[in-house]
Amino acid sequence: MAKMVSVSTYNTSSIGGRKPLGKASPLANSFSLIEYDKNHRFLIMDCPTNSTIPLYLKEFARLNVTDVVRVCEPTYMKERVETRNVKVHDLPFKDGDVPPATVLKQWLELVNTRVSSTTGAAGSEPTTIAVHCVAGLGRAPVLVAVALIERGMDPLDAIEHVRHKRRGAFNNRQITYLADNYKRASAFKGAAKIGSAKIGSAMRASPTASAAGSAAAPPAAGMQPATKPAAANVPLSGIHKSFFKKMFGSH
């Protein structure tokens, strides 16, 4: 079993934009519910510990959480979650970094599975995928933003949507990755799956290749090419400059 680490020294109580619990709780500022539609609900949170996990389980039940994805070192026994019919998935990667292709592949496969199980089911209750790193401000929000981008949301809109719900999400490197380097793996249409079998080669296109304007691969047979945003003719560097100024000020 992986060694569990202590997170008792960090505090997120001063960070706004969180999804409150049903009642007053010490964890009232820990949750951010990100909803795209009834089939795409994500709960970004900080990491539980063995002492706090009962409070998280109450929120999982309230939001019909089916899966918990932890992208940091374990800080609690996953058996305490899985006994409540919530599956725990370990997809760790380096703090402050962007997800490697192997993590992205497993993440999008999970999202596909859950979306497929709820799409078209009459009267079915919406399900939620919870995802956490340590403070829930970097690695976890990146995975949620990727899912939104794969659903068809513009990358900058996905960044702002997540940050609106969870202030302080993303560092500069993660924003650049999402807005510039990440390449949507599929032309999403209707209830089509997120991602593709070629995800490993599509995820990590270099900034140099992007700047050189390399030709995009043709869409798969039977699929429509992704619609370009209205601002497609605006230089990407100009969009980024404006976006970073808005998010971080003029410095």
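We count residues from 1, following the sequence as given. These numbers come from a predicted model, not from an experiment.
Checking each of K87, R114, K78 against D67 for a salt bridge (charged side-chain N to carboxylate O under 4.0 Å, His left out) leaves exactly one that passes, namely R114. Just one residue in the list I129, V65, L143, V162 forms a side chain to side chain contact (heavy atoms under 4.5 Å, CB included) with F42, and that residue is I129. Just one of S30, C72, C133 meets the side chain to side chain contact (heavy atoms under 4.5 Å, CB included) condition when paired with D46; it is S30.
For the pair A158 and A145, the tightest heavy-atom approach, listed with the atom from each and the gap, is CB-O, 4.1 Å. Nearest approach of I53 to N50, heavy atoms of both residues: CG2-O, 3.6 Å. Of all heavy-atom pairs spanning N64 and P126, the tightest one is ND2-O, 3.0 Å.
Distance check, rounded to the nearest 0.5 Å: CZ of F170 to CG of L137 gives 10.0 Å.
Under the 4.0 Å criterion applied to side-chain N and carboxylate O atoms, R163 and E160 are not assigned as salt-bridge partners.
For the 3.5 Å distance criterion, the side chains of T113 and S116 fail to qualify, holding no donor opposite an acceptor. Y182 and Q174 share no side-chain donor-acceptor pair at under 3.5 Å.
A heavy-atom distance below 4.5 Å is not found between the side chains of I159 and D157. The closest side-chain heavy-atom distance from M77 to E79 is below 4.5 Å. In this structure the side chain of V69 never reaches within 4.5 angstrom of the side chain of Q106, judged on heavy atoms. No side-chain heavy atom of V131 sits less than 4.5 Å from a side-chain heavy atom of V68. Between V134 and D95, the closest side-chain pair of non-hydrogen atoms is not below 4.5 Å.
With hydrogens and angles disregarded, a donor-acceptor distance shorter than 3.5 Å links the side chain of E150 to the backbone of A185. Between the side chain of R184 and the main chain of I149, a donor-acceptor pair closer than 3.5 Å is present. Put simply, the side chain of R70 never gets that close to the backbone of D90: no donor and acceptor are under 3.5 Å apart. Here the side chain of R41 pairs a donor or acceptor atom with the backbone of L63 at under 3.5 angstrom. With hydrogens and angles disregarded, no donor-acceptor distance shorter than 3.5 Å links the side chain of N85 to the backbone of T66. Panel note: side chain T49, backbone T75; no donor-acceptor pair is recorded below 3.5 Å. Under a 3.5 Å cut-off, the side chain of N171 and the backbone N or O of G96 do form a donor-acceptor pair. No donor-acceptor pair under 3.5 Å is formed between the side chain of R139 and the backbone N or O of V98.
The aromatic rings of H40 and Y36 sit perpendicular to each other, their planes meeting at more than 60°, with 30° as the lower class boundary.
The cationic group of R80 does not satisfy the cation-pi geometry with Y56, failing either the under 6.0 Å distance to the six-membered ring centre or the 45° limit from the ring axis.
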